[in-house]
Amino acid sequence: MNLDRIDLNLLVYLDVLLREGSVTKAAQQLGITQPAMSNGLRRLRDLFGDPLLVRTSEGMTPTERAQELQPVIRKALGELQMALQPQEDFDARISHRVFRIMVSDYAESTLVPELVKRLRSDAPDVILDVLTPSDVTFKDVEAGKVDMAINRFDEMPQSFHQMTLWEDDFVCLVNPNHPNVNQFDLDAYLTSKHIWVSKTGMGAGVGIDPEKVVRLGWVDNALSKLGQKRKISVFTRHYQMPALLALNNDLVATLPRKVADMQAESASLQVKEPPFQIPPFELKMAWSPLLQHHQAHRWLRRTIVDVAQHC
């Protein structure tokens, strides 16, 4: 392909078209008419020799070629945009910048308090806007509307940059008066009633079906490999809840060690090792390539990594 015949605006059109999945919405976002966007799509199809977007029962669906192009073009446009911006030094001590970060409830319970403490010391006028996974979509992160997403990700767009903050494992939180506290083996675990806690996905949450083990997460998947199933009495999406609920003598909360250690100390509960193997997980932060080289964002990433190392 001869680069001399490529109109850079066409790549911008393609980026927005693939993100919006609609000619009308893409035209509105770029502030052009729908016929102009349709003409741009026609030129893109000629340029790449591929339909790129085809109409299906689910709307405009990207072709395999378009899916291959999307992360490449998103990254290229992001780097070009940053290269064309004037370089400005970022001084955290005097900045009034608002950083928007999406964090899971787990990360909000463990990482965010220490991050806020650091910001009060190093950047007292910086404002932190903490969003939940239900508030944000991957498109928001990719477009740079959200500075950072911190969660346990099963998958994420290929264009995203990512970094592991730490690895955590699971333990059990029980009342000292739990009938099986002194002999906490697999039989004791299975005969107990349990508290389920998790909310890791992006977008609005949905109700839990206790029969669909594959959707219940690490703990229940590990049990299912043993041919076993726990008796879940309470489902919650908030990591502040298990300690309160585990005050009931007959309930067991199986949750990440970092959360359990904090809650056990404040609620006078006991931490027990689970009587079966549960795979550990990684807490990651992910961000848009649009922000990769931004001075303020680089400072934010360094700060989060440093705070995470001391949590």
Side-chain angles (χ1 to χ4, degrees), residues 82 85-137 140-153 156 160-168 173 197-200 202 236-244 255-269 271 281-311:
M82 293 306 304
Q85 288 182 353
Q87 282 289 93
E88 297 181 1
D89 292 332
F90 176 74
D91 189 343
R93 295 169 298 177
I94 60 174
S95 174
H96 289 78
R97 181 185 174 93
V98 177
F99 287 106
R100 292 182 173 86
I101 63 172
M102 184 285 290
V103 297
S104 63
D105 194 66
Y106 164 75
E108 190 172 27
S109 301
T110 53
L111 176 69
V112 171
E114 295 303 317
L115 176 59
V116 170
K117 187 185 299 184
R118 175 67 65 85
L119 293 181
R120 303 318 306 144
S121 170
D122 296 356
D125 293 319
V126 159
I127 299 171
L128 191 64
D129 185 8
V130 181
L131 307 171
T132 72
S134 298
D135 298 325
V136 176
T137 67
D140 295 328
V141 180
E142 189 173 38
K145 296 178 182 178
V146 177
D147 290 283
M148 190 73 69
I150 302 176
N151 206 338
R152 297 176 284 167
F153 296 101
M156 70 176 70
F160 280 22
H161 293 275
Q162 60 175 294
M163 179 178 292
T164 297
L165 295 177
W166 67 56
E167 184 179 276
D168 203 357
L173 205 57
V197 55
S198 183
K199 178 65 173 82
T200 60
M202 303 280 280
T236 178
R237 279 74 176 168
H238 301 285
Y239 277 96
Q240 291 85 355
M241 288 297 294
L244 297 174
L255 64 165
R257 187 182 297 272
K258 286 183 181 292
V259 177
D261 286 343
M262 291 188 301
Q263 297 190 356
E265 183 177 354
S266 61
S268 298
L269 296 169
V271 174
F281 65 89
E282 293 181 336
L283 181 70
K284 294 184 177 183
M285 65 177 184
W287 62 95
S288 168
L290 290 174
L291 300 171
Q292 169 69 3
H293 302 291
H294 195 283
Q295 292 290 332
H297 200 270
R298 291 171 64 181
W299 173 85
L300 176 66
R301 296 199 303 268
R302 290 195 301 268
T303 300
I304 291 174
V305 169
D306 188 58
V307 169
Q309 290 175 346
H310 295 87
C311 282

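Put simply, CG on Asp168 and CZ on Arg152 are 8.5 Å apart, with the number rounded to the nearest 0.5 Å. To the nearest 0.5 angstrom, Arg100 atom CZ is 9.0 Å from Ile127 atom CD1. Between atom CG of residue Leu291 and atom CZ of residue Arg298 there is a gap of 12.5 Å, rounded to the nearest 0.5 Å. To the nearest 0.5 Å, the span separating NZ on Lys258 from CD on Glu167 amounts to 10.5 Å. Once rounded to the nearest 0.5 Å, the distance linking NE2 of His310 with CG of Leu111 reads 13.0 Å.
Here Lys284 pairs with Gln162 under the side chain to side chain donor-acceptor pair (under 3.5 Å) rule; sequence neighbours left out. With sequence neighbours excluded, the residues that form a side-chain contact (heavy atoms from CB on, under 4.5 Å) with Asp125 are His96. Annotation: salt bridge (Lys or Arg N to Asp or Glu O under 4.0 Å) contacts of Arg97 (sequence neighbours excluded): Asp147. In this structure, the ring pair (Phe, Tyr, Trp, His ring centres under 6.0 Å) partners of Phe281, at least two apart in sequence or on a different chain, are Tyr106, Phe170, Trp218. Judged as a salt bridge (Lys or Arg N to Asp or Glu O under 4.0 Å), and not counting sequence neighbours, Arg301 has no contacts. For Asp306, the side chain to side chain donor-acceptor pair (under 3.5 Å) criterion is met by Arg118, not counting sequence neighbours. Annotation: side chain to side chain donor-acceptor pair (under 3.5 Å) contacts of Arg93 (sequence neighbours excluded): Asp91. Under the salt bridge (Lys or Arg N to Asp or Glu O under 4.0 Å) criterion, Lys145 pairs with no residue, sequence neighbours left out. Leu128 meets the side-chain contact (heavy atoms from CB on, under 4.5 Å) test with Phe99, Ile101, Leu115, Val116, Leu119, Val130; sequence neighbours excluded. Among residues two or more places apart in sequence or in another chain, the side chain to side chain donor-acceptor pair (under 3.5 Å) test is passed with Asp122 by none. By the side-chain contact (heavy atoms from CB on, under 4.5 Å) test, Met262 is found to be paired with Thr110, residues two or more places apart in sequence or in another chain being considered.
In plain terms, the two heavy atoms of Trp166 and Cys311 that are nearest each other are CZ3-CB, 3.6 Å. Counting all heavy atoms, side chain and backbone alike, Tyr239 lies closest to Val259 at O-CG1, 3.9 Å. Looking at every heavy atom in both residues, Ala264 comes nearest to Leu173 through CB-CD1, 3.6 Å. The heavy-atom pair separating Ala107 from Val103 by the smallest distance is CB-CB, 4.0 Å.
With hydrogens and angles disregarded, a donor-acceptor distance shorter than 3.5 Å links the side chain of Thr236 to the backbone of His238. Under a 3.5 Å cut-off, the side chain of Ser288 and the backbone N or O of Glu142 do form a donor-acceptor pair.
Counting heavy atoms from C-beta on, the side chains of Met102 and Pro133 come closer than 4.5 Å. Residues Ile150 and Ile304 form a side-chain contact, since some pair of their non-hydrogen atoms from C-beta on lies under 4.5 Å apart. Side-chain contact between Val305 and Arg302: absent, with no pair of heavy atoms (C-beta onward) separated by less than 4.5 Å.
Within the structure, salt bridge (charged side-chain N to carboxylate O under 4.0 Å, His left out) contacts touching residues 286-297 (residues at least two apart or in different chains) do not occur.
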Inset, instruction - Report the C-alpha distance between Thr132 and Asp105 in whole Å, list the side-chain angles of each, state the deciding distance to 0.1 Å, and finish with yes or no for side-chain contact (heavy atoms from CB on, under 4.5 Å). - result: CA-CA 7 Å; Thr132 72; Asp105 194 66; over 6 Å; no
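Side-chain N/O atoms of Gln292 and Trp287 include a donor and acceptor closer than 3.5 Å.
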